[in-house]
Structure formats: C-alpha cells, structure tokens
Amino acid sequence: MQRTKIKEILQSDKCDYQVNVKGWVRSFRNNQFIALNDGSCMGNLQVVIGLDADEQLIKGINNGVSISVDGMVIASQGKGQKVEIKADAVTILGECDPEKFPLQLKNRPSLEYLREIAHLRFRTNTFGAVFRVRHTLAYAIHKFFNDRGFVYLHTPIVTASDAEGAGEMFRVSTLPFDNPPRNEDGTINFKEDFFGRATNLTVSGQLEAELGAMAFSEVYTFGPTFRAENSNTARHLAEFWMIEPEVAFNDIYDNMDLAEDLLKFVISYALEHNREDLDFLATRLADEEKQKPMNERSEMGLIEKLEFVLNNKFERITYTEAIDILLDSTAYKKKKFQYDVKWGIDMQSEHERYLVEKHFKKPVIVTGYPKEIKAFYMRQNDDGKTVAAMDILAPGIGEIVGGSQREERLDKLTQRMEEMHIPTEEMYWYLDTRRFGGVPHAGFGLGFERMVLFVTGMTNIRDVIPFPRTPKNAEF
RNA sequence: UCCUCCUUAGCUCAGUUGGUUAGAGCACAUGACUGUUAAUCAUGGGGUCUCAGGUUCAAGUCCUGAAGGGGGAGCCA
C-alpha cells in the first residue's frame, strides 16, 4: 500500500479509510498511543495499538524508532486530535536504542545542545519548523524572481578575483601543503596549481551577476558564499547563502522598491504556507521572552511583527538624516553610545539598532553613504561625497540587505578603482561591461540566513542553517 | 580577535561560610495500571563534579592555566 503523508491525514476530517503511514516515534504513551511524525508538518499523528499487541513489538517501540503502520483512519475517541489511526499492523523499520539515543525530547534540550547533535535536531518541533520555513522562503525567492521574468544565474563558487574586498577568502588549491612549488623568490608558484593561478571560494556573485544583467536585463543569484573571517557571533557564518539580484536600467530607487517587494513577498508567502510552523515558533519565542527582564522584551509577537512589516512601508532615510537623528537623540545627548557619532563614520551596530528598534521601530532603508566607507563599484552621487548605496536594517538582525546602484561611467569607475588600489587590468572583464553597451544598473545582496532568522524569530544564525560552518566548527 | 559569563548523571539543573556517603526532575530498567496527550504510580541502576596544576587537615566549592560553549563587540550578509 502506498504511503500517505501525515500532513494529508491531519489536514482532512475524512475518516474510515485504510492507509499506510511511516515515520518516527515522538512519544509512546500508555503502551497504546504512538505520536508519529514524518516531518511533513508540525503535528503528530496518533497511532493507536490494541492492548493485545505483541509484547516484543511494544518493547521495541521507543522514542526515535522508525515504523510503518497499516491501519484505519478513524475519528479520535480521545481529546486533543480529530483523527487517529487504529493500527492493524505495525512494523519497526529501524530500531533506536533508548539508552544511547541522545535526543530526549521530554528534557526540553537546549538549542546549544541540539547544535552539538545537529544531525538529529531535525527531529524536534523547533528545528522541524525552522527548516520547513527555510525551505518555503527559498522557494518563495525563486518564485518571486521567476514571476518577474528574472533569469537565475549560477555564478562560480571558485573564483580568481579578490576584487570586492568583501572579506578574507578560503584558498582553493591542489598543491601539496608540505612542499608547494616555489618561484625563484620563494613565493608559491600558483602557475602549477590546478587552475594555473591562485583561486578562492567566492565571497560574492555580484560582479558576475552584473555581467549577466548586461544581457538578460534582470538576473539573480542564489548560492553559497564563503568568508574566512574569524567572526564569532550569532549573526555570522563562514558558509552562508546569499541572494543577489542585479537589474539593468534600475536606479537606486527601483532597487529599494525591488528589495522591499522581495522581503514582503517572501514573508507573506511563508505566513500563507507555513502558518502552523510560524505559530509554533511564535509560541516558542514568547516563552523565551518570558525569561527576559521586562525592558528587554520585544513589544510584538512574531506573527504580529511579520504582519506589521507587511503592512507598513519601510522607512527610507539618507545616511545624513540618520546621523542627524542620532545626534539629536537623547541616547547621544546622555552619552549612551559607546562609539561617537559624526558625519563620515561607519555606523556601529548600537547606532543601527537605535534607528531601527528605538526610533522607527520598523525596517529602515538607509541610502547615500559616504563613499569612503563603501565599495568601489557603487555609483558616485553628484555631491562628490556620497554614493548611491542602500542598506536595509531589520529589527533584531541589523543589516539584512546591502546594495547599490552601480557605477556605470567607465572613467569614474576606473578612477575610483585606482584610488582604492584595485587592479584594473585583471578586472578587464568587469570593465568591459562599461565599455561595450553599459547601462545604469543596480542590485543588492540579501543574506538568506539573516532573513530566516527574521522570519522564524530565532536568534542564533547557527540554528537556521542545517550544518553551520563557523570558526573551529565543521562537524557533520 | 577582544570583553564577559558558564562547564556537576545520557539531558535540564540544584549543591549553603571550603567539612562526613554529591541531590532532584526527565531519560533508562523492572513491576503495576490502561483512552493516553511531556500519561501516571512504585522500586532500582547510573557520577574521573570539563581537563592540568596549585592552596588547604579537608576542594564540586578558593587560585592559576588550558579546552569547549553562551552572551556582547569588531568585520559583514
């Protein structure tokens, strides 16, 4: 008999039909009631075993065991669920030694502990919900761009350029570590390496995406990104996923609209398709908040927050306005900021948090940053001081999107590259787009895990990627 | 990388001013009960108190160092 997904059975009120279900035992009560979960949804299906069941079978049914059940879906006699399965036959597919099974759900294992057994944590309610939502968000991103006629461009994972200066890179090499070929001056001879040159894992697909946009008009990338920074925070990973749309003929304002539309679309898509998971995560978050002192609790629940974001326009301010707001704040006047505020600084996270969480209390798009603190490819504004950059700051997360209108004027671009000591000869392929039919264009990078954090209400980025890679940690 | 806190049973955590045999809940085993919802009740087994030194008559408790983890910061998405 073909397997029926538990989600399908729980979603319908239909009764009195024969099914087969397979899944993992979450709890076994009273030698009679199995709570069975197959990952298709949050809820467990109650499987009822007759009291006359085989003793060996009953002994074998522990938490974590995988089973196959044939039986009749009936209206439940007990409270707590509409339907249940009266089992005719139960087969144990894979046993699970309860003495050794590290996942004991009744102990409410901590997120930190579950991170150490990340290969088993999918079998918990929290991580089940998180990764179903993560899937939905990934799908919604592709749907959003596909519906708008974007081409999904696969930019390379292995790259030779270190142009963007986005951070420390992981070297890709097949040279022997202990005895690499050397040049006469003692430096390593990468001409003998696999690619015939020094190569690294990508830190961004943007530059390549720009090339695609100069032909397809609108493209996006969605792939893994690698930063070898020694960052030990709840917001950083060495391997993370990034979405980078790049659109020809767009200016910075179109770019802001696109980013805001994208974020709102994927949030609404998740609310629509993963409501049960999000409700669970909202409850989990509310429980966690109860542990905190009053003044640290957030004013809104998770669902409320997501709906608020959907229903309100993101605040749009310039960097100069942002600095003025900070200078005018009581926090600044009472010297609450650890770092000083003045025009030209790269805003610290305490400043960004003030703007987003205290002043505006919603996502804020900041534009027009000083050119000194931004990348070479950003379009220079007429004031000669600022560039057409935009960062979207989200409450609780900080920078979730970073983007800009790109400098399409060849002379201005090469001049800026020279000022910042970026080799223009090596970057000929990038500059060619400005030489041969270049157009104004804009794009941004959206950190996927940061978005998953925002939507799920989780607080540590290591809990929203299946197998986190961070300094000193590449287990599993 | 910096600051700060933590590490006690398989898990979550108590452990008093340094003082005899380190406790609880859950999990596990055995038995009872059987429409349960983190089932319940009884009984039982389970400890290199993270590791290495040190102070002391005596260290889970105090000191030094190391490892791992949390929170905050920097870098950023």
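Quick note on labels: first sequence line is chain A, next is B, and so on, each numbered from 1.
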Q: If you measure from CD1 on A:Ile392 to CD on A:Glu260, what distance do you get to the nearest 0.5 Å?
A: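 Spacing of CD1 (A:Ile392) from CD (A:Glu260) equals 7.0 Å.
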Q: How far, in whole Å, is B:U16 from B:U7 if one measures between their P atoms?
A: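 Approximately 12 Å lies between the P atom of B:U7 and that of B:U16.
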Q: Please state the P separation for the pair B:U21 and B:C26 - nearest whole angstrom.
A: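 B:U21 and B:C26 have their P atoms separated by 28 Å.
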Q: Which ring-ring contact (aromatic ring centres under 6.0 Å, His included) pairs, counting each pair once, include a residue from residues 347-375 of chain A, with sequence neighbours left out?
A: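 Every pair satisfying ring-ring contact (aromatic ring centres under 6.0 Å, His included) with a residue in residues 347-375 of chain A: A:Tyr319-A:Tyr369, A:Phe337-A:His351, A:Phe337-A:Tyr354.
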Q: Between the side-chain atoms of A:Gln81 and the base atoms of B:U37, is any donor-acceptor pair under 3.5 Å?
A: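 Answer is yes: a donor-acceptor pair is held.
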Q: For B:U55 versus B:A9, give the span between their P atoms, rounded off to a whole number of Å.
A: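 Pairwise P distance, B:U55 against B:A9, rounds to 28 Å.
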Q: Return the value, rounded to whole Å, for the distance between atom CD of A:Gln104 and atom C1' of B:G46.
A: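 Going from A:Gln104 (CD) to B:G46 (C1'), I get 13 Å.
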Q: Ion pair present between A:Glu419 and A:Arg416, side-chain N to carboxylate O less than 4.0 angstrom?
A: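 The answer is yes: the pair qualifies as a salt bridge.
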Q: Fill in the dot-bracket string of RNA chain B, one character per base: . for unpaired, | for a pair to another strand, ( ) or [ ] for pairs within the strand, taking Watson-Crick or G-U pairs under 3.5 Å.
A: (((((((..((((.....[...)))).(((((.......))))).....(((((..]....))))))))))))....
Q: Could you check A:Tyr269, A:Tyr152, A:Phe150 and say which one makes a ring-ring contact (aromatic ring centres under 6.0 Å, His included) with A:His142?
A: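 In the set A:Tyr269, A:Tyr152, A:Phe150, the residue that makes a ring-ring contact (aromatic ring centres under 6.0 Å, His included) with A:His142 is A:Tyr152.
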Q: So which protein N/O to nucleotides 23-25 of chain B N/O distances come out below 3.5 Å?
A:
none

Q: Can you name the residues that form a side chain to side chain contact (heavy atoms under 4.5 Å, CB included) with A:Asn381, not counting sequence neighbours?
A: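 By the side chain to side chain contact (heavy atoms under 4.5 Å, CB included) rule, A:Asn381 matches A:Asp383, A:Thr386, A:Ala388.
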Q: Can you tell me, in whole Å, how much space there is between the C1' of B:C49 and that of B:U61?
A: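 Nearest-Å result for B:C49 against B:U61 at atom C1': 10 Å.
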Q: Given B:A38, is OP1 or OP2 found less than 4.0 Å from the side-chain N or O atoms of A:Ser27?
A: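 Indeed not, no polar side-chain atom of A:Ser27 lies that close.
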Q: In terms of side-chain heavy atoms of A:Pro109, which of B:U30, B:C11, B:A77 is nearest?
A: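 Selected nucleotide (nearest to the side chain): B:C11.
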Q: Between CZ of A:Phe127 and CZ of A:Arg132, what distance do you get to the nearest 0.5 Å?
A: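 Between A:Phe127 CZ and A:Arg132 CZ, I get 13.0 Å after rounding to 0.5 Å.
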Q: Tell me whether A:Phe33 and B:G35 count as stacked here, given that the ring centres must be under 5.5 Å apart and the planes must differ by less than 30 degrees.
A: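 No; by the centre-distance and plane-angle rule, A:Phe33 does not count as stacking on B:G35.
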Q: Give the nucleotide from the list B:A77, B:U36, B:G10 with an atom nearest to the side chain of A:Gln46.
A: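 Shortest atom-to-atom distance from the side chain points to B:U36.
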Q: Would A:Lys305 pass as a cation-pi partner of A:Phe454, given that its NZ or CZ must be under 6.0 Å from the six-membered ring centre and within 45 degrees of the axis?
A: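 Here A:Lys305 passes the 6.0 Å and 45° test against A:Phe454.
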Q: Polar pairs (N or O, both sides) under 3.5 Å between protein and nucleotides 70-73 of chain B?
A:
residue: B:G70; atom: OP1; partner: A:Arg115; partner atom: NH1; Å: 2.4
residue: B:G71; atom: OP2; partner: A:Asn460; partner atom: ND2; Å: 3.4
residue: B:A73; atom: OP1; partner: A:Arg353; partner atom: NH1; Å: 2.7
residue: B:A73; atom: OP1; partner: A:Arg353; partner atom: NH2; Å: 3.4
residue: B:A73; atom: OP2; partner: A:Arg235; partner atom: NH2; Å: 3.2
residue: B:A73; atom: O2'; partner: A:Tyr339; partner atom: OH; Å: 3.4
residue: B:A73; atom: N6; partner: A:Asn232; partner atom: O; Å: 3.3

Q: Are A:Asp277 and A:Arg134 close enough, and set up right, to give a salt bridge (Lys or Arg N to Asp or Glu O under 4.0 Å), and what steps lead you there?
A: CA-CA 11 Å; A:Asp277 292 318; A:Arg134 182 181 166 110; over 6 Å; no
Q: CE/A:Met378 to CD/A:Gln405 distance, rounded to the nearest 0.5 angstrom?
A: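 Going from CE on A:Met378 over to CD on A:Gln405, the span is 11.5 Å.
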Q: Pick the closest RNA chain B nucleotide for A:Ile461 and for A:Ile74 by heavy atoms, then say which residue is nearer the 5' end.
A: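 It is A:Ile74, whose closest nucleotide lies nearer the 5' terminus.
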Q: In sequence, state the C-alpha distance, the side-chain angles, and the governing distance for A:Arg121 and A:Asp463, and then conclude on salt bridge (Lys or Arg N to Asp or Glu O under 4.0 Å).
A: CA-CA 10 Å; A:Arg121 66 180 174 168; A:Asp463 294 331; 3.4 Å; yes
Q: Looking at residues 120-134 of chain A, who's got a heavy atom less than 4.0 Å off RNA chain B?
A: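 Within this stretch, nothing sits under 4.0 Å of the strand.
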Q: Between A:Phe240 and A:Phe101, which is nearer to the 5' end of RNA chain B once each is assigned its nearest nucleotide?
A: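 Result of the comparison: A:Phe101.
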Q: Could you check how far CG of A:Asp346 sits from P of B:C75, rounded to whole Å?
A: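 Rounded to the whole Å, the gap is 6 Å.
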